[in-house]
2 protein chains.
Amino acid sequence: MGCDPSPPGLRCATCPARAPGLCAPMRGPEALAALEAARRPALALPPGAAVFRQGEACRDVFILVAGWVALAQALPDGRRQVLRFLLPGAIFGLHPEEQANHALGAEALTAALVCPIPAERLAALRHAWPALDDRLLWCLERDVAFAAEQVTTLGQRPALARVAHLLLELLVRLGGRHPPAEGVAVPVPLTHRLIGDATGLTPEHVTRMLRRLRQDGVARISRGRLTLLDAARLVALADPPAELLALWAASG
Amino acid sequence: MGCDPSPPGLRCATCPARAPGLCAPMRGPEALAALEAARRPALALPPGAAVFRQGEACRDVFILVAGWVALAQALPDGRRQVLRFLLPGAIFGLHPEEQANHALGAEALTAALVCPIPAERLAALRHAWPALDDRLLWCLERDVAFAAEQVTTLGQRPALARVAHLLLELLVRLGGRHPPAEGVAVPVPLTHRLIGDATGLTPEHVTRMLRRLRQDGVARISRGRLTLLDAARLVALADPPAELLALWAASG
DNA sequence: CGTTTGCTTGAGGCTGTTCAATACCGGTGG
DNA sequence: CCACCGGTATTGAACAGCCTCAAGCAAACG
């Protein structure tokens, strides 16, 4: 929960080629300096800490610099839906102006570093550097495409395909390429509960689906490490639209 | 399928107060004239016609001037997911640049009138009138919020709540206010199949859920007309986040 | 080490699907 | 005006997928 006013700033951590963040279009030194000047001190969060809570007033927009964050919507009955697992470079917390309070919560899954940027300062930057508008527009169009795919998955695909879809998405986003590499153990800080909240399944059923994937030699996940065994069969199970694979690979 | 190069243009039909379209920020006569100049001739579509098909190249962005359009993603096995029912004023067909082909299809549910705007011309307009960026950003942030809610609904809510949620959404969007008016028969061109494709249910189960809503005196839909009987109970069943109601009412 | 948290497995039940048969409505052509 | 027709709605019965509940286990953490 502490504050880290010094490095790592936006410059180094949010601009890896495979996870372009907000600063990608701010190439000029002045523009980047302006973005650096606008941001608040970076927040270092321990695992489980909330970046913001559902219902809280929207004050800042955030850039995830390091670690994993989950965006989730909780329901009154205790159920909750994970909307997206965020990786470094992600920008989140944007909202239409009518919306004064967060409809979603954001929670760190690992130790995480986030940069808050006051919403009004971001608006000022947008007007000073129009390239920032292009970037934000691109990010949002991408988010809409991702959300549409998740809607289709939850509405139409059976449990096994939902889990396969999520694993494939993570592998492609983490690896930055499609097809993803086989045989590599990738760190993935997800519990069965989190996977269930993202796929609309119970943790018990997630266990059963993961067992089938393991027994069929498709992929295995254990102790926080995900290993792809058979990329072709995972893709066949997940059956993602071709358009998405490029987006996953390109945008963390 | 014909072309209608004359009225109704963007001016009259897309700017009703309750369904602000692209031109809302283009108040100045020059700006509006520029938008009018950029658009192609309006397309008049018969019911069932495709505005664009899934997999087709992305060439234009569209503004819905009149009628209903469904955005849907089809799966190889014949199932499909309706992502959103569009009402007049909606802008659709935006996509991140990596995406050369539509991941979704758009189909007219009624006779409909749409204005295509070439994507590159829209980009040019954006740079000439920065207010347009604000508007597009707002539209996309709203779309992300809507999509997030649909994800939660499909992932976590049971069948009755899903149907109630959709009916409430339509009533609030059509009426432009919350709570929606009781006792008014609103034209709604949806078949049980379409409702099922939007809620992830079979048409048969949609029938059963609608029967329960009718028997419980909550709402009834028949012969293309939706009548709200008990707003409070519909809201209780649908249980939408407070943030959404304002967005539904404000944005058609 | 003890405690806690998450994982695993099984049995039984509920929700929603599938399949099939019938009724309905709107449009068409005789 | 009426018979016909295609698409849609309705209903029921059997089935399947996923959930609930409960117990036992493994792993992480103080």
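A, B, ... follow the sequence lines: proteins, then strands. Residue 1 opens every chain.
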Check every strand shown and say whether B:G200 touches a base, only sugar-phosphate, or nothing at a heavy-atom separation below 4.0 Å.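 Sugar-phosphate, backbone atoms only, no base.
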Base, sugar-phosphate alone, or nothing: which one does A:P203 contact when heavy atoms must sit under 4.0 Å apart?
->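 Counting heavy atoms under 4.0 Å across all strands, no contact is made by A:P203.
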Quiz prompt | Ion pair B:E149/B:R157, N-O distance below 4.0 Å | solution =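 Counted as a salt bridge, because a side-chain N and a carboxylate O are separated by less than 4.0 Å.
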Would you mind reading off the bend of the helix from C:dC1-D:dG30 to C:dG30-D:dC1 from its two end axes, five pairs each, to 10 degrees?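 The helix from C:dC1-D:dG30 to C:dG30-D:dC1 shows an end-to-end axis angle of 40°.
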Q) Does the side chain of B:L71 reach to within under 4.5 Å of the side chain of B:V82, using non-hydrogen atoms? A)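 They are not in contact (no side-chain heavy atoms under 4.5 Å apart), so the answer is no.
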Check side chain to side chain donor-acceptor pair (under 3.5 Å) between A:E169 and all other residues, then give those that pass, not counting sequence neighbours.
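For A:E169, the residues satisfying side chain to side chain donor-acceptor pair (under 3.5 Å) (neighbours in sequence not counted) are A:R173.
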Just jot down the side chain to side chain donor-acceptor pair (under 3.5 Å) partners of A:R40, sequence neighbours excluded, or say none.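 Counting only residues at least two positions away or on another chain, A:R40 forms a side chain to side chain donor-acceptor pair (under 3.5 Å) with A:D60.
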Query raised in the report: Among pairs that include at least one residue of residues 181-190 of chain A, which meet side-chain hydrogen bond (donor to acceptor under 3.5 Å, both in side chains), considering only residues two or more places apart or in two chains?
Result: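 Sorted result for residues 181-190 of chain A: empty, none.
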Parallel, tilted or perpendicular, judged at 30° and 60°: which one describes the rings of B:F52 and B:H102?
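Ring orientation, 0 to 90° scale: parallel.
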- Message: Whole angstroms only, please: what is the CD1-C1' distance between A:I221 and D:dA26?
- Response: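 For the pair A:I221 CD1 and D:dA26 C1', the rounded distance is 17 Å.
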Earlier contact from the 5' end, DNA chain D, for A:R223 and A:L160 =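 Nearer the 5' end of the strand: A:L160.
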A:Q81 vs A:Q73, side-chain hydrogen bond (donor to acceptor under 3.5 Å, both in side chains): CA-CA, chis, key distance, verdict: CA-CA 5 Å; A:Q81 177 66 46; A:Q73 177 168 18; over 6 Å; no
Of residues 204-217 of chain B, the positions that come close to DNA chain D - non-hydrogen atoms, cut-off under 4.0 Å
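Here the set is B:E204, B:T207, B:R208, B:R211.
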- Query: Quick one: is B:T202 getting a side-chain N or O under 4.0 Å of the C:dG16 phosphate, OP1 or OP2?
  - Reply: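 Looking at the OP1 and OP2 atoms of C:dG16, neither is under 4.0 Å from any side-chain N or O of B:T202.
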Original post:
Could you give all pairs that pass the ring-ring contact (aromatic ring centres under 6.0 Å, His included) test and reach residues 160-182 of chain A, with sequence neighbours left out?
Top reply: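 As it turns out, the ring-ring contact (aromatic ring centres under 6.0 Å, His included) pairs with a partner in residues 160-182 of chain A, which skip direct neighbours, are A:H165-A:W248.
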